[in-house]
Every structure is written in structure tokens, then in C-alpha cells.
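Numbered from 1 within each chain, the chains take letters A, B, ... in sequence-line order. Keep in mind it's a predicted model, so treat the numbers as computed, not measured.
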Amino acid sequence: MSRKRKADSGEVLKIGNKTISLEGYLTKKPKTTTPSTSTSDNNTPAPTSKNDSSITTNSKEFKPSRPLTGDPSLFPTRRTLPLYLYQDRIRSILSKKDVLVLVGETGSGKSTQVPQFLYQERWCQRRRVKVKTKVVDKDGNEIMEEGGKPKTREETVNVGGVIAITQPRRVAATTLAGRVAKECGTPLDTSGNGGRGYKGRGPKGKDVKGPKGGKDGEEWDEEKDVVEEMGKNGGDDEEVIEANGNEKKDKKEQEKGLVGYSVRFDHRVPPGTKIKYVTEGMLLQELLRDPHLRQYSAIIVDEIHERSVDVDLLSGFLKQIVTGDKAGRGGIPLKVVVMSATAQVERIKKFFSSDDSLKNGTSGEEVEYLQIEGRQFPVEVIHEPKPVPDIQEALIKTVFKIHTQEPLSDKHGKKDILCFLTGQEEIEAAQRLIEEFAETLDPKVPKVKVFPLFGQLSMEAQHEAFQPIKHPFTRKIVLATNIAETSVTVPGVRYVVDCGKAKVKQYRPRLGMESLLAKPISKSSAIQRTGRAGREGPGKCFRLYTAETFSTLQKTDLPEILRTDVLGAILTMKARGIDDVLAFPLMDRPEIEAVENALVHLHVLGALDDEGRITEMGRKMVMFPVTAPYARVLLAAADQKYDCLLEAIDIISCITAGDDIFMQVRSEEDKESVDVYRKELQRREGDLITYLNTMQRFVSTPSSDRATFCKQRRINVRNMRQALNIRKQLRSLSVKTKMLEDAPPPDSEVTYQPVSPETAERILKAFLRGFAMKTAVLAPDSSYVTAHGKHVVAIHPSSSMHGVKREAIMFLEHVYTQKNYAKKVSAIQAGWIAEALAC
DNA sequence: GAGCACTGC
């Protein structure tokens, strides 16, 4: 559940530990400038003169054909957004064409303004149309008529009326929705903070008279934050509220509103919603119910350049809808606006063009392109003259060169330094070196204060890096991982130091494992890092590599679909009716070997039959928001043979709640006391049963003691809260899919009892149904050798099984970093492996 | 003895 707080510094919004930049509307900015020449090497084609013809560059003279609507107090700032000038052009393009590619740099206002320009367009109104629907049986299989044609029936449905805007991250979707709702004059009530929300139905549930008409009539969703506000502001004694607590139901009438959002665990779609911000995954999920996206007149795909697996899949489905037969939508086209911060225009244009137009050489005719200038200050880029032998040394030199030669502030504000490094280890080493060196400085030189910033840091520690520094005569130096490249914005930064590398996870299909190694970044990533220096005023970017090295960098990062196991992507396609996954349109195709491996793996898991069609089990698996192997575990656990569904849910909730719920202990003295508490939770069966024990102990702890429980064991409160949300969702889905007969009793009625060794054995065997491939047996030389591939694998130090020798192990993760590591490890018997593979 | 970043009715 996102928590919203307005930041005290001007141009950012803080949500929990995240800072979202909203520059451009919160304050008036100086005249639009483009980045300096060195940063414009991103292969961005210049906008064509045709595109610019209707645009006056002076906003004072520009009178759009339609006045702004919504809250008038926000008009002045909206008028200063670069995008304001383009509204007629955007409307005119979309009245003629179905696809628009919009390239706009940070701060152009595209994410907030484009939907507002469009929702009143004629094509955006809801229409009643007749469609032919294929008749399916209860398993979703088509029913055939004699003659082999699918049986159809005609029905009248509503099509269109809503615009969806997809976002890669939940925080972005909810904050943008809040902002746009305010601009529209129908603010979203977010005060309840997850306490209540509109069920994600929106106009569709209300107006569509489908076969499921009034069945899902519940309007309110009890998505009570289970550990509400636990650990907020770093406080220790906050009230912790019991799950399923009997707080009074909010009877407040639903307010109508133009804007809503729908993200996992949090839906606010007021009646009358025309603009809906959703996560990419959420829209993919909607596609499962409604393959034609009938609710929508337009889909705006934002931040497509981030190229998540979800956005790639979504693009494929959208291409099919846009270029395919529109009978499912009663002939009404779906408009698609693809928005990107970096231009890969030709590829995207080509991708969304129909195959016919590609064949007869009119490629891109149906797709229009528009580029909006950004709001960046110029950033001077300084490369190293020759390659640096030692990155830490080069970093220190550069940081202190900046610190001693550049002013502490100017008329735009503070001039702080942001360094991009690869990981925690490097950051901590650099912090020590900088602090040591700072000691030796002349007292006349300003002081420095160093802040590390990486994902594993506690919320409070991350928060510190965003605060303006209190001491006068001191410069802030933030040492960050890639987290500062896209996820958060550090205010006050005017100098960027870029080491040119980042750690990337990459899946190796042949080995069935992934690696996490530091690799050179891409040009577009380097440009993104550079841009971080020019958000508040002119800046400088020091690259710790040569211009020659920069020129050798890959143009863009490898999209996620080429870096991860495509198991989930393939199952997603299969469940949405894609029979030939190799023919599915994708901007980048995974290697055939990766696809084949995934198909085999899905077959082993029982999600696909011998013909490669999705099975009933596969259909059940996609209902659960977990990866296919975990979904398989849940199905096994629901089986009488294993009968441990609630236990499996507890474990999977802990594991899939982001990073480990057990935080690393940093100081030595804390370690001792934390270890004592943690040892109590640990079980000799290994990590999985330890997670189960932890969850069971946690939920049986009285609400008021839960914060202490977490603190003593250094349990990450954010992740624990997420785990409880997931647990609740998986439980409710289990009831819905009839895997559980009744809703489980509330935690307050369950007393803690450690699981018996017999139950633990059943649980581990259920997990083996999803992870039989991820097992290893102890070799005579006392190393563990994997059953699949015969690789030597070491137990990761974060595991409770580290240093323990047992006859065989099962592990849920397999990562190569310094070594070949097994994580989330459990002790099993060697005989169980064959048993699991046999059935 | 070690941990880039996101995310899913």
C-alpha cells in the first residue's frame, strides 16, 4: 500500500521511501533547454518539419482549440509544460491514426497530460455494439460446431470509454493518478491509505451487461493494510493492527471521478472513471478476462523504453488488437499511444505496423510519430582522457576535484554530487575512502557528508539521502546503485560521477541458473545517468571512462525478456490463447533454445500437455500472481497427498515479498542479539520451514508486539507487510479456485504451534513438485552436486543451511556471483528427488 | 561468509 506524503523540498513527491520527481508542475521552470551536445548522442531522430508545423514555440501565444479543463488553479503550471503546445497536434493525429509514438524527455508532462487531452474525444466515448463471441466450456475451451467451426453467439456489449495508462511501477501509477485527478478537479481520496478502495471494476462492471452481469456485486474491497503503518517514520512503537480486524465499514457514498488507478492490492476506480492508471502486469491480467480490452478506447503505454517483460508482452497483444480483426470490439479500433523517454522510434513504428503494410512497403503509414522536447538543463560531459586502472581511486580523485573546485551552491540551489556505483560492497568501500580523505582536507574547504543509497538499505537510511543537508558549509555526496537511475530521484544533484557499470541479472537457459555480475552499461543508460545532473540547474557529468569506451557501449540495455527465464512469459501467452508462441509478435525474440527450455519446463510442471496446449492445471497456475514453479507448488500443496496449502502460502508469501524478509545485520554488536532471536526461528529442515515458522510466529504475535518482533529479528517491515498482503491474496484466490473449501480462520483464532517433522516433510515434498530440477546431492568430497547438470553448487551464506552438510538439498534459487550459489535451501532425502521426477 | 532494480484480479 503506498503512502503519500508531500516532500518538503520543492519538486519531489515522497512515497514511503521513494521520491518521485514531479518537476514541471510544482514550480515554474526556466525556459526549456535541451541537453548539451555531448548528451544528445542518443540517436534520436530530429522531429520532422511536418510534425512541428502546427506548433508555435511561445506558449503565451499558443491558444489550443479547446481550453484546459479541471482545477483552474493548476492551469498556469500546466500551461508551462512542453506538452501543452502539442495538444491539438496529438488530438488531430489520433483522430486519423490508431497508433502514435510519442518521444518525450523527462519533465515534458506526457504521463499526466496526454490522457487529459484525449478523454473527451469523440472516438473515446463508449459505444454499444453487437459482437460475435465464441462459446467456451467451463475450462475455457472453444465449443465446435459440426463442420469444425467454433460455435459463436451474438451479444450486445459496450466498447470503449476508458483510457488506460500503463506504468512499470505501482508507485508511479498511484501518484500519477492522484496528480491527474487533482488536475481534473476530481481528487482521489487517498486518505484512507489502503483502508478501502473501489474494487477494480470501474465502468465495465457497472455498465456491461455480460453473462456475469450483476454477479460480482461487491463494491468495496477490504484491503486493510495488515500491519498498517508499521515502522512508519522509523518509529518503534506504532500500533499494529490485526488482520481481519473489525473496524467499521466506511459507508461513504462513492464519489464520481474521472481518474482512477488499479495496481496490485490497491484499486481506486470511482464510477465514471475515464482515465485509469494501471501497472503493466495488471493490464496483462485484464487481458486474461477480456482479450479485446473492450472497456478501453485507448491504451497509453508509458515508459516503454524500460522494456520489462510485461510491457513487451503487452505490446504484442496490443499489436494483435490494432492490426488484427476488430470483430471482437464490434469493429471499433483501439488507439495505442506508445510513450518513451528515449527514441527507438523506427523499431517501435515498424513493430506496430501491420504485416500487410510492411509487405507492400508502406511500413509505418498507420503509425505517427511525435517528439516533445524535455525540460533538462544542459549538462557538460567530461570523459577520462585514458582508461582508469582503479575505479575507486578515480572516483575519489573526481569527487574531491569537484568538491574543491566547484561551488557549493548557485542560484538554482545546492550543488550536490551523485555517484553511480555497481553495488553495496563498492559503495561501502568508497564511503570509507571518501570519509578518510575528507579528514585530511584543509579546514577552509567545505565539509562533505556521504550517503549510501541502495535497495537493501532500511527505509530510514534511504530517506536520509533525499534530505537536504542541514549543516552549512557541507556538500552532500550520494553513492548509489542503479536505484538512482530510474526508481528514485535525489534532489539537489548537479554533479554526476558515473563508473560506467551496473550489476545485471542474466538468466542462462542452458544451465538453468542466473548470474548477477557487473557489466558495462548502455549508452542510453549513461545518458540517463548524465541527465540526473541537469534536473535542477546546469550540471556536469564525470564519466570514469574514456569517450572511446563510451562509443563502444551498446546503444540500449538488453531488454528483460532476453535476460530472464521466459517460463512465465510463455505461460502468459498460452493462457491468453497464443498457440504458436514463436509467431507471437515481440520486439525482441528470446533465443529459440530459451523458448524450448521453457516449453519443456512447463510440460514437466504439468502446465502444458503433450501437444503443447495449456492444461487445466496450467490455467489454474496463471490465476496465481507467482511464478509458474510456485504456482505448481500451491497446486501440489492443495492436493490431498500433501495437504499443506496454508503452509505453502505462508512460505511463498515470505519468499516473493521482494527481497529477503530477513535483513542483513550491519553492526557486530547487533548481530549477537539478533542471532539469538533468529536462531529460535530456524529449523533444521532449512530455510523454507524457517520462513513458515517465522510467518506463523509473526501472525500469532499480538498486534502491539509485532513491531518489536520484527525489530528484534531484523525483519524488514516493508517486506513483511508485503508478505501479509500476498498471503491474503493467495488465500482468497485459493478459496475462489476451490483449492480451499472455506476461508481459513482469522489469525487471532489460531494458536502458534511449530509444524511437526511429518508436516515439514509433506511441505518439502510439495515444493519438490515445482523444484525437482533444483536439487543437489552431497558428493564424497562433501561438495553439493546438482541433479540437473552436475554442477558444483555452494550454499549461500544468507541461508540457514550455510555450512551444513546433509545428504541432499533442494534450493529455489541458483545464482552465479562470486561462486555458484544455492539460495533458499532445504534439507531433503535423495530418494525424494526421483520420487518427485517420477510423477 | 554475501546482497543491481522492478513487478502480478
Side-chain angles (χ1 to χ4, degrees), chain A residues 18 166-173 197 199-202 204-205 216 218 221 223 262-267 269 278-290 303 306-311 313-314 420-428 453-457 480-488 499 501-506 514-519 521 525 557 560 563-564 568-569 571-572 622-628 630-631 656-660 662-666 671 716 722 725-726 729-730 732-733 736-737 794-799 802-803 813 815 817-819 821 823:
Chain A
K18 306 286 189 208
T166 69
Q167 292 293 325
R169 280 171 291 283
R170 294 168 51 194
V171 268
K199 193 86 181 169
R201 303 171 50 210
K204 184 194 166 206
D216 51 348
E218 82 278 17
D221 185 23
E223 289 279 23
S262 187
V263 301
R264 192 183 188 187
F265 311 128
D266 197 3
H267 310 271
V269 187
V278 296
T279 45
E280 293 155 356
M282 190 60 78
L283 196 62
L284 270 181
Q285 211 60 38
E286 280 190 26
L287 219 40
L288 207 52
R289 291 193 296 272
D290 178 10
E303 314 276 13
E306 290 193 23
R307 294 296 304 277
S308 64
V309 173
D310 282 356
V311 94
L313 291 173
L314 205 52
F420 284 99
L421 297 169
T422 57
Q424 180 177 347
E425 211 176 342
E426 211 179 85
I427 286 171
E428 283 168 351
L453 181 62
F454 46 88
Q456 282 284 77
L457 275 180
T481 59
N482 245 356
I483 193 169
E485 199 181 298
T486 47
S487 309
V488 297
C499 77
K501 290 197 167 148
K503 280 191 187 169
V504 223
K505 218 171 219 181
Q506 181 143 20
E514 49 193 2
S515 58
L516 178 63
L517 300 167
K519 292 260 173 74
I521 58 172
S525 182
D557 290 301
E560 196 190 4
R563 292 189 290 110
T564 48
L571 187 59
T572 300
V622 292
M623 307 273 292
F624 289 88
V626 294
T627 58
Y630 287 123
T656 60
D659 298 309
D660 207 332
F662 293 108
M663 291 189 291
Q664 58 158 340
V665 189
R666 300 186 85 199
K671 204 167 159 26
N716 184 317
Q722 174 80 350
N725 277 327
I726 295 170
Q729 188 185 17
L730 294 179
S732 114
L733 283 166
K736 230 177 250 175
T737 53
I795 295 176
H796 194 270
S798 65
S799 168
H802 179 68
E813 287 166 27
V815 188
T817 48
Q818 312 278 319
K819 259 199 244 179
Y821 279 117
K823 299 171 95 173

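Side-chain proximity of A:E560 to B:dG1, B:dG3, B:dA5: nearest is B:dA5. In the set B:dC6, B:dG3, B:dG8, B:dG8 carries the atom at the smallest distance from any side-chain atom of A:P625. Among the nucleotides B:dC4, B:dC9, B:dT7, the one closest to the side chain of A:K505 is B:dC4. Closest to the side chain of A:T481, from the set B:dA2, B:dG8, B:dC4, is B:dC4. Listed nucleotides B:dA5, B:dC9, B:dG1 differ in distance to A:F454; the shortest reach to its side chain belongs to B:dA5. The A:M282 side chain lies nearest to B:dC9 when the options are B:dA2, B:dC9, B:dC6. Across B:dC6, B:dG1, B:dC4, the shortest atom-to-atom separation from the side chain of A:K503 is found for B:dC4. Taking every side-chain heavy atom of A:I483 into account, B:dA5 is the closest of B:dC4, B:dA5, B:dA2. Of the listed nucleotides (B:dC6, B:dG1, B:dG8), B:dC6 has the atom at the smallest distance from the side chain of A:R169.
Between A:H796 and B:dG3, a side-chain N or O to OP1/OP2 separation shorter than 4.0 Å is present. Under 4.0 angstrom from either OP1 or OP2 of B:dC9 there lies no side-chain N or O belonging to A:S732. Between A:T279 and the phosphate of B:dT7, there is no side-chain N or O to OP1/OP2 separation shorter than 4.0 Å.
In terms of position on DNA chain B, the residue among A:M623 and A:L453 whose nearest nucleotide sits closer to the 5' end is A:L453. Nearer to the 5' terminus of DNA chain B, by closest-nucleotide assignment, is the contact made by A:K671 (compared with the other of A:K671 and A:V263).
In this structure, A:E428 atom CD and B:dA2 atom P are separated by 14 Å, rounded to whole Å. The interatomic distance linking A:Q722 (CD) with B:dA5 (P) rounds to 16 Å, in whole Å. Atom CG of A:L313 is separated from atom C1' of B:dG8 by 12 Å (rounded to the nearest Å). Summarising the geometry, the separation between CZ on A:R264 and C1' on B:dG8 is reported as 5 Å, rounded to the nearest angstrom. Protein atom CD of A:E306 is 14 Å distant from nucleotide atom C1' of B:dC4, rounded to whole Å. Between A:K823 atom NZ and B:dG1 atom P the separation is 16 Å, expressed in whole Å. Atom pair A:D266:CG and B:dC9:C1' shows a separation of 13 Å (rounding to whole Å applied). Remark: P of B:dA5 and CD of A:Q167 are 21 Å apart, rounded to the nearest angstrom.
Side-chain contact check for A:R264 and A:Q285: no donor-acceptor pair (N or O, by modelled atom type) lies under 3.5 Å.
Applying the salt bridge (charged side-chain N to carboxylate O under 4.0 Å, His left out) rule to A:R169 yields the partners A:E306; only residues at least two apart in sequence or on another chain are considered. A:E425 pairs by the salt bridge (charged side-chain N to carboxylate O under 4.0 Å, His left out) definition with nothing, not counting sequence neighbours.
Nearest heavy-atom pair, A:C499 versus A:T422, reported as atom, atom and distance to 0.1 Å: SG-CG2, 4.2 Å. In terms of heavy atoms, A:H802 sits closest to A:I795 at ND1-O, 3.0 Å. The nearest pair of heavy atoms linking A:L517 to A:T817 is CD2-O, 3.7 Å.
Using a 4.0 Å heavy-atom criterion, one finds that A:E485 contacts no nucleic acid atom at all. Residue contacts for A:V626: at a heavy-atom cut-off of 4.0 Å it reaches a base atom on one of the strands shown.
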